[in-house]
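Treat the numbers as computed from the prediction; the structure is a model and nothing was measured. Per chain, numbering begins at 1; letters A, B, ... match sequence-line order.
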There are 2 protein chains.
Amino acid sequence: MEKQTVTIYDVAREAAVSMATVSRVVNGNPNVKPATRKKVLEVIDRLDYRPNAVARGLASKKTTTVGVIIPDVTNVYFSTLARGIDDVATMYKYNIILANSDDNKEKEIQVLNTLLAKQVDGIIFMGNHMDDQLREEFKRTRTPIVLAGSVDPENEVESVHIDYVAAVKEAVRDLISHGNDRIAFISGPLSDPINGEYRLKGYKEILAENNIEFDENLIFETDYSYHAGETIWPALAAAGVTAAYVGDDRLAAGVLNSALDAGVKVPEEFELVTSNNSEITQMVRPKLSSITQPLYDIGAVSMRYLTKMMNKEEDVEEDKTILLPYGYVKRASTK
Amino acid sequence: MEKQTVTIYDVAREAAVSMATVSRVVNGNPNVKPATRKKVLEVIDRLDYRPNAVARGLASKKTTTVGVIIPDVTNVYFSTLARGIDDVATMYKYNIILANSDDNKEKEIQVLNTLLAKQVDGIIFMGNHMDDQLREEFKRTRTPIVLAGSVDPENEVESVHIDYVAAVKEAVRDLISHGNDRIAFISGPLSDPINGEYRLKGYKEILAENNIEFDENLIFETDYSYHAGETIWPALAAAGVTAAYVGDDRLAAGVLNSALDAGVKVPEEFELVTSNNSEITQMVRPKLSSITQPLYDIGAVSMRYLTKMMNKEEDVEEDKTILLPYGYVKRASTK
DNA sequence: TTGAAAGCGCTAACAG
DNA sequence: CTGTTAGCGCTTTCAA
């Protein structure tokens, strides 16, 4: 039992054909006489030959692997996207190199470069903020890139996500319809376009449509953690809030428990809706009303989109951004 | 802007040195005169040269990427392990190819083979059951493999995890100390050694030590989902259970809510402890008492262990399994 | 300290 | 339908 590395050459010799022929049968090229194919296949089986993907990649300039940049796998929002990505990647015979970026600019760029060095055929990027530097890096490469569940305000790089503005409007509209007029907007960093531009825009719009004055004191900017929400109630109470829209489920669970632990009745005295409809929304009591997003599908569609770009398929979308449908489910955290 | 692929050859020409020299500076080989190194570095920078990792891999037979087989990234238990793995992988300049297996034997084997075809330098496997077939596949390859948070009952392949038997004993002991003598054991498939062998063993042992007769009707075998727990209360009630040990947090959240929704008082009428101390345990009310496992560390240590094996370091552990410390935190779900 | 040259294992024209 | 022949871009002896 030694460093037995069976190569295509060994197979060719044993089968008494050329390497080219072996290559053909391995790659399913139809131009091979059935008899020879059978013979080669037998030898491959007998020798337990396994094509070396690295050599293949070097020769063909295709690695059948795509890079996936993710802020943190540990966050269900992203891991769900990742699952969708991996599933369709597998479907199309691709593998995924997963790299955590912590949403950190330096890491993102550095990871991007090592992915490129590894010659990935494409890249799926998930992140909360796309800035100019990153956009520049993206433009420097000819490797296709698509953003999954993330937005590029400049709309220069292809992306797939939901219509955040409309979704937030729908959620807040529900709150307004119950008579609330002091509704908190609680989200992660407003510097993330998804919060500061889209969601906030939806929030403001629906307020305006209902003649409710926008009050800056009702905007609560935190991070995405459960912990951030856990201690927020006093601030909400001080602002005279009776309802809240929250941009992240874990954060929402924190907000909910924070209110509950303070003796507040939900939804009687305080209503809240969250944004991702992850399992968490149903594990807490009362269950959380939430915007629903087809996270798995966003990942899946992103990857599908990427395959089209990698194969230079003709029918790539005219528009660079694909919008998937969102929904809204009412549960016990709202009246 | 064309297919500009700058190769090591271009750099060599521009810098008026040989490819070998360029290779040396790129790889930090000390045998290069500072002056030449500087010159080469300048050209590299000017040409924006980026070494092709695939070519490198073919020539050196090292890809600096490791394969990670995971049942489902979407599960925090595993994604936390994965995060630990990725972080130390990055630290050691490795990248990770992440592949979901759904705990499915065929997929596992198939994924293993494509990983091997891609010439990964090592593999980290996470899965609930190691069977003979898989073990055979593992033994066929010379690529180092370590199990993270998973066990090989035969102890033939290296692994890192906690002492499940002892951990369960501690958790159940707490329940017993509160006077409970009809304690349910709720877990995923008993065919998974971690449940059927280790945890169950701990459960039986501590029962025996306290002269409590083992009752098979108190064993509830389900899957790992939240949903599975959500409907379990009637069965528990029928069995006259007053406490339960649960093998998975999501499952535990389901069990808890199932009891709560049936009007049962926790912990007054029903106590329960769970196993992974994920964030979920603190999001539900009452918060769940739980065994604590250093999940991130298990991932990190696994990867560190793997690097040692890949570098054939001398001081690889004598024993094939590394046990990390566990803990137990009491919260409101137990008296 | 540096260079020449032989591969690594496979694909992809190009002939035949 | 099959074989020949170049590489793909880099590492790695072996000499110098």
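- The listed nucleotides are C:dG3, D:dC8, D:dC1; the one nearest the side chain of A:Asn31 is D:dC1.
- Phosphate contact (OP1/OP2 of C:dT2, side-chain N/O of B:Thr36, threshold under 4.0 Å): present.
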- Message: Just to be sure I follow the notation: if a pair is Watson-Crick (purine N1 to pyrimidine N3 plus N6-O4 or O6-N4) or a G-U wobble (N1-O2 and O6-N3), each under 3.5 Å, what dot-bracket string does DNA chain C give, with | for pairs to another strand?
- Response: ||||||||||||||||
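- Atom C1' of nucleotide D:dC1 and atom NZ of A:Lys38 are separated by 18 Å, given to the nearest angstrom.
- Put simply, CD on A:Gln119 is 14 Å from P on D:dC8, counting in whole angstrom units.
- Residue B:Pro51 has its side chain nearest to D:dC10 when only C:dA13, C:dT11, D:dC10 are considered.
- Every pair passing ring pair (Phe, Tyr, Trp, His ring centres under 6.0 Å) that includes a residue from residues 108-148 of chain A is listed here, sequence neighbours excluded: A:Phe125-A:Phe138.
- As rounded to whole Å, 15 Å separates atom C1' of D:dG9 from atom CG of A:Asn52.
- Of the residues A:Asn52, A:Thr64, A:Thr65, the one that meets the side-chain hydrogen bond (donor to acceptor under 3.5 Å, both in side chains) test with B:Lys118 is A:Thr64.
- Between A:Ser18 and the phosphate of D:dG3, there is a side-chain N or O to OP1/OP2 separation shorter than 4.0 Å.
- At least one donor-acceptor pair under 3.5 Å links the side chain of A:Asn29 to the backbone N or O of A:Asn31.
- For B:Arg24 and D:dC10, the CZ to P distance is 15 Å, given to the nearest whole Å.
- Between the side chain of A:Asp121 and the backbone N or O of A:Thr63 there is at least one donor-acceptor pair closer than 3.5 Å.
- Each of B:Val17 and A:Ile8 lies near DNA chain C, and the nucleotide nearest B:Val17 is the one positioned closer to the 5' end.
- OP1 or OP2 of C:dG9 lies within a sub-4.0 Å distance of a side-chain N or O belonging to B:Lys61.
- For C:dC8, neither phosphate oxygen OP1 nor OP2 lies less than 4.0 angstrom from any side-chain nitrogen or oxygen of B:Lys62.
- If you measure from atom OH of A:Tyr9 to atom C1' of C:dT11, you get 18 Å, rounded to the nearest angstrom.
- Computed from coordinates, the B:Asp10 CG to D:dC8 P distance equals 11 Å when rounded to whole Å.
- Residue contacts shown for B:Ser23 include a base, since a base heavy atom lies under 4.0 Å away.
- Within the structure, ring pair (Phe, Tyr, Trp, His ring centres under 6.0 Å) pairs that include any residue of residues 64-96 of chain A do not occur (at least two apart or interchain).
- In this structure, B:Lys105 places its NZ atom where more than 12 heavy-atom neighbours from other residues, nucleotides or ligands lie under 6.0 Å away.
- For A:Arg13 and D:dG3, the CZ to C1' distance is 17 Å, given to the nearest whole Å.
- A donor-acceptor pair under 3.5 Å is formed between the side chain of B:Asp131 and the backbone N or O of B:Leu134.
- When rounded to the nearest whole Å, the span between CG of A:Leu58 and C1' of D:dC8 equals 4 Å.
- Residue A:Thr21 places at least one side-chain N or O closer than 4.0 Å to OP1 or OP2 of D:dG3.
- Counting non-hydrogen atoms under 4.0 angstrom, B:Val54 reaches nothing in the nucleic acid.
- Among the nucleotides C:dG9, D:dC1, D:dC10, the one closest to the side chain of A:Lys33 is D:dC1.
- By the 4.5 Å heavy-atom criterion applied to side chains, A:Tyr296 and B:Thr74 are not counted as neighbours.
- OP1 and OP2 of C:dT11 both lie 4.0 Å or more from every side-chain N or O belonging to A:Ser60.
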